[in-house]
Amino acid sequence: MYRTIQQSLLARIQAILLAKYDITLTQLAVEQPPSIAMGELALPVAFELAKRLRKAPRAIATELAAELTAELAAGQPELQGIASVEIAGAGYLNIRLDRTAAVRRSAADQHADIGGPGFRLIEHTSINPNKAAHIGHLRNAILGDTFQRLLRKDDYKSGYEVGVQNYIDNTGVQVADVVVGLVHLEGKTLGSTRELLTELMETSTRIDYYCWDLYARVSQWYTATTDAAELAARKQLRLDTLHALETGSNETAEIADLVSTAVLRRHLETMERLGIEYDFLPRESEILSLHFWDAARTLMMERGVLYLETSGKNKGCYVMRRAGAEAQVIGSDAPDEDAKVIVRSNGTVTYVGKDIAYHLWKFGLLPGKDFGYERFHEYPTHTCWISTAGPVTEPQPPTFGKADAIYNVIDSRQNDPQTQVVQALRGMGFTDAADRYTHFSYEMVALTPRCAMDLGYTVSEEDQKRAYIEVSGRKGFGVKADDLLDRLIAAAKAEVDTRHPEIAETERLSTATQIGIGALRYFMLRFTRNTVIAFDFKDALSFEGETGPYVQYAIVRAANIFRKAGTTAEESLAAMATLDLGAALDVEEGSSLWETWLLASKLTLVIEQCISTAEPAYLAKYAFQLAQQFNNFYHRHHVLNETDPARKTLLLATAAVAQREMVRALGYLGIEAPPVM
RNA sequence: GCGCCCGUAGCUCAGCUGGAUAGAGCAUUUGGCUUCGAACCAAAGGGUCGGAGGUUCGAAUCCUUCCGGGCGCACCA
């Protein structure tokens with residue numbers, strides 16, 4: 001509702017500026033006055049124009065206010081919902097809304113739409129399938145999943161077509177390391193690996209946990225010898241194993257496939273606990289076996305992005321110039337030593353090369369290449385597909401490439417490689433694709449030294465002085481996602497048990513689960529993307545203050561009002577259509593009510609802001625502020641004790657609108673509202 | 001050495017395209033449950049927005065420089 005009014009107001013002002021001063025301003029700032037008593041919107045536009053018109057801001061504001069006031073009086077339809085315009089401060093244009101009209105529109109759930117044409121591809125999670133997911137992976141998956149919810153079509157908005165991909169690097173060194181561990185440290189064969197998987201399954205031991213320890217053990221084993229020959233042999237073993245995985249069709253590759261697929265299934269389980277689902281799992285093994293790279297290489301050569309280096313340190317490699325390096329290299333005979341190697345002198349492709357091929361596919365720019373598709377996992381409402389090399393057996397295989405825009409949720413340490421992929425696209429003339437490529441970058445989750453020591457890790461004196469310590473799968477250093485989730489749910493369960501001994505165990509558990517997940521998802525979303533999260537159990541396990549459970553609790557309180565009043569939120573809102581509001585919203589005491597309505601009407605504005613800045617944290621902040629606003633309202637107005645029936649209707653509707661928008665906001669954050677807590 | 005990010009209350013963080021008195025949570029102190037549930041609310045204390053210049057009517061926000069911290073800069077993935 002709020003966004004609708006704001007949009008048409010700005011359009012109107014732009015028209016006036018054009019007519020009156022012959023000025024076009026594409027960006028018009030909108031702020032909120034320091035106090036609601038001064039109006040709902042504040043426009044600093046007069047300051048902006050002061051210099052261009054060589055006039056005092058206040059004089060310009062006076063002219064604009066006069067113009068707008070005249071149009072208001074004339075009933076200009078674009079200014080619908082606005083009550084008055086006045087000048088404030090040194091030249092602000094403060095706008096007052098027609099509160100009664102605004103409340104009616106909100107009650108009727110009128111709001112601006114969000115969405116557009118085109119297919120948007122989001123890649124997130126992408127955990128190497130060789131170990132358990134940890135808190136860093138949780139941040140990735142929760143960010144990606146939340147953003148996906150903001151974009152996708154739903155009951156509230158028309159949205160965009162969205163595909164969610166989880167890229168699986170099943171042929172990389174990390175998987176190779178675990179295979180080395182199984183084969184050379186534990187003496188496993190293909191057969192005994194199968195037996196191990198069965199045994200783990202039967203004892204409900206998590207395979208990803210098993211690999212977590214094994215991976216750490218192998219990483220250490222590689223360097224745990226003083227014998228130079230042995231050291232070299234171990235290194236070679238690692239390379240040979242990696243090579244076997246990349247080649248495929250051998251026993252080593254089969255072991256890798258067995259283990260990585262089992263771990264992948266565990267990752268999907270972990271994420272499903274958090275309400276995170278995927279549409280497609282493209283695997284590196286198919287990118288290799290379907291020769292995506294060959295097609296990409298041809299294209300890159302044709303377009304002059306890739307060239308053979310004939311001298312210098314990169315002699316014999318196919319290389320690509322880095323961004324911004326063109327100027328200094330062109331016209332020079334010397335080799336570009338700073339160039340990025342894409343194909344090694346032994347003919348193998350680097351990571352960036354494979355990534356370029358993959359991204360060409362994402363945009364539908366890789367001629368004649370597509371994955372085979374196979375059903376991998378069934379969610380209640382849809383199928384998760386996985387890539388295959390074989391012919392398509394499904395009658396109607398899905399389409400996942402050919403995206404109009406892509407978002408890659410990848411941590412900020414990958415900034416350089418991501419830039420190189422974009423650079424390659426741009427260099428090949430795919431500027432449109434390059435422009436629609438968003439590296440959804442975020443900072444890592446690290447452990448505070450205290451947290452690391454609590455977990456039993458030895459922390460060096462030097463590390464103890466640091467603010468945080470980076471987690472490391474290689475060292476087995478970190479907090480596993482499932483462990484954290486288990487702890488959160490257990491903590492919530494203990495609380496629910498004491499508060500609600502009267503309800504059934506299964507319901508207590510499901511409520512505790514919703515609270516635990518709410519706490520976790522909110523915790524990962526409350527920080528803006530480029531803030532390093534220094535993880536600490538004390539903060540993450542908190543259910544008070546700025547947390548997910550705080551918002552959930554506000555919703556439960558609202559729900560209790562309707563339950564005891566013998567009505568519903570929907571009925572309460574419907575009653576607003578005919579209610580004579582009188583001056584209830586204007587008096588000082590009524591302001592608290594109006595502020596609730598106003599804030600509740602800003603959801604679409606906030607979502608739009610989250611999408612355009614790729615920053616879900618704003619929505620988390622908004623959900624919390626709305627809950628705070630509601631709690632304040634809750635204490636100031638005792639709804640059920642209200643004797644004036646008209647006023648009671650208004651109070652009920654106020655609680656209802658706050659509840660409706662809190663539930664929606666939490667929904668986009670992937671957090672459910674429990675019935676009790 | 002080069003590139004990117006960060007530095008705001010005791011702690012953890014917001015502060016969007018420059019705007020009115022820099023805000024939350026936690027912690028501390030105090031007050032509030034016979035009430036629609038206190039996982040809550042109210043109040044108090046707590047700030048040279050890392051330092052110094054500059055642009056501007058106006059700077060936490062933009063520019064320059066310095067200081068402090070983090071992360072990247074492979075024929076590893």
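Just so it is clear: chains get the letters A, B, ... in the order the sequence lines come, proteins before strands, and each one is counted from 1.
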(Q) Over all strands shown, is A:T348 touching base, sugar-phosphate only, or nothing at heavy-atom distances under 4.0 angstrom? (A) nothing
Q. Would you say the side chain of A:R526 and the base of B:A14 hold a donor-acceptor pair, judged only by whether the two atoms sit under 3.5 Å apart?
A. no
Q.
Please determine whether a side-chain nitrogen or oxygen atom of A:Q628 lies at a distance below 4.0 Å from atom OP1 or OP2 of B:G25.
A. yes
Q.
Under a 3.5 Å threshold, yes or no: a donor from one side chain and an acceptor from the other, between A:E443 and A:S412?
A. yes
Q: Could you tell me whether A:Y358 and A:Y167 have their ring centroids closer than 6.0 angstrom?
A: yes
Q) A:Y550 OH to B:C13 P: how many Å, rounded? A) 21 Å
Q.
Determine whether a donor-acceptor pair (one donor, one acceptor, N or O, separation below 3.5 Å) exists between the side chain of A:N415 and the base of B:G72.
A. no
Q: Would you mind classifying the nucleic acid contact of A:T531 as base, sugar-phosphate or nothing, using non-hydrogen atoms under 4.0 angstrom?
A: sugar-phosphate
Q. Using atom P of each nucleotide, how far apart are B:C6 and B:G50 to the nearest Å?
A. 12 Å
Q) Side chains of A:N560 and A:R563: is there a donor and an acceptor less than 3.5 Å apart? A) yes
Q. Counting only side-chain N and O atoms of A:R563, is one of them less than 4.0 Å from OP1 or OP2 of B:C36?
A. no
Q) Using a cut-off of 4.0 Å on non-hydrogen atoms, how would the nucleic acid contact of A:A446 be classed: base, sugar-phosphate, or nothing? A) nothing
Q: Check A:G248 against A:A253 and note the closest heavy-atom contact, atom names and distance.
A: CA-CB, 3.9 Å
(Q) Taking donor-acceptor contacts at under 3.5 Å, does the side chain of A:N94 reach the base of B:A20? (A) yes
Q.
Between A:Q418 and A:Y437, do the side chains contain a donor N or O and an acceptor N or O under 3.5 Å apart?
A. yes
Q | Basic-acidic side-chain contact under 4.0 Å: A:E546, A:K621 | A | yes
Q: Would you indicate, yes or no, if B:A39 has its OP1 or OP2 atom less than 4.0 angstrom from a side-chain nitrogen or oxygen of A:Y553?
A: yes
Q | C1'-based separation of B:C57 from B:U12 [nearest Å] | A | 37 Å
(Q) Counting the atoms with a prime plus P, OP1 and OP2 as sugar-phosphate, which does A:V45 contact under 4.0 Å by heavy atoms, base, sugar-phosphate, or nothing? (A) nothing
Q: Return the value, rounded to whole Å, for the distance between atom CD of A:Q609 and atom P of B:U17.
A: 10 Å
Q: Go through B:A20, B:C75, B:C16 for me and flag the one nearest to the A:Y618 side chain.
A: B:C16
Q. Using the rule for Phe, Tyr, His and the six-membered ring of Trp, do A:H635 and B:C40 stack at under 5.5 Å and under 30°?
A. no
(Q) Could you tell me how far apart A:D338 (CG) and B:C75 (C1') are, to the nearest whole angstrom? (A) 15 Å
Q: Could you tell me whether A:R322 and A:D416 have a side-chain N and a carboxylate O separated by less than 4.0 Å?
A: no
Q: Go through residues 653-660 of chain A and report each residue with a non-hydrogen atom lying under 4.0 Å from RNA chain B, sorted by number.
A: none
Q: Take atom CZ of A:F630 and atom P of B:C41, then tell me their distance rounded to the nearest Å.
A: 11 Å
Q: For A:Q7, look at atom CD and say whether over 12 heavy atoms of other residues, nucleotides or ligands are found less than 6.0 Å away.
A: yes
Q.
Say we look at B:C66 and B:C2: how far apart would their P atoms be, to the nearest angstrom?
A. 10 Å
Q: Please work out if A:N631 contacts a base, only the sugar-phosphate, or nothing of the nucleic acid, heavy-atom cut-off 4.0 Å.
A: sugar-phosphate
Q. Does the B:C75 base have a donor-acceptor partner in the side chain of A:S345 within less than 3.5 Å?
A. yes
Q) Taking for each residue the nucleotide of RNA chain B with the nearest heavy atom, is it A:F633 or A:E546 whose nucleotide lies nearer the 5' end? A) A:E546
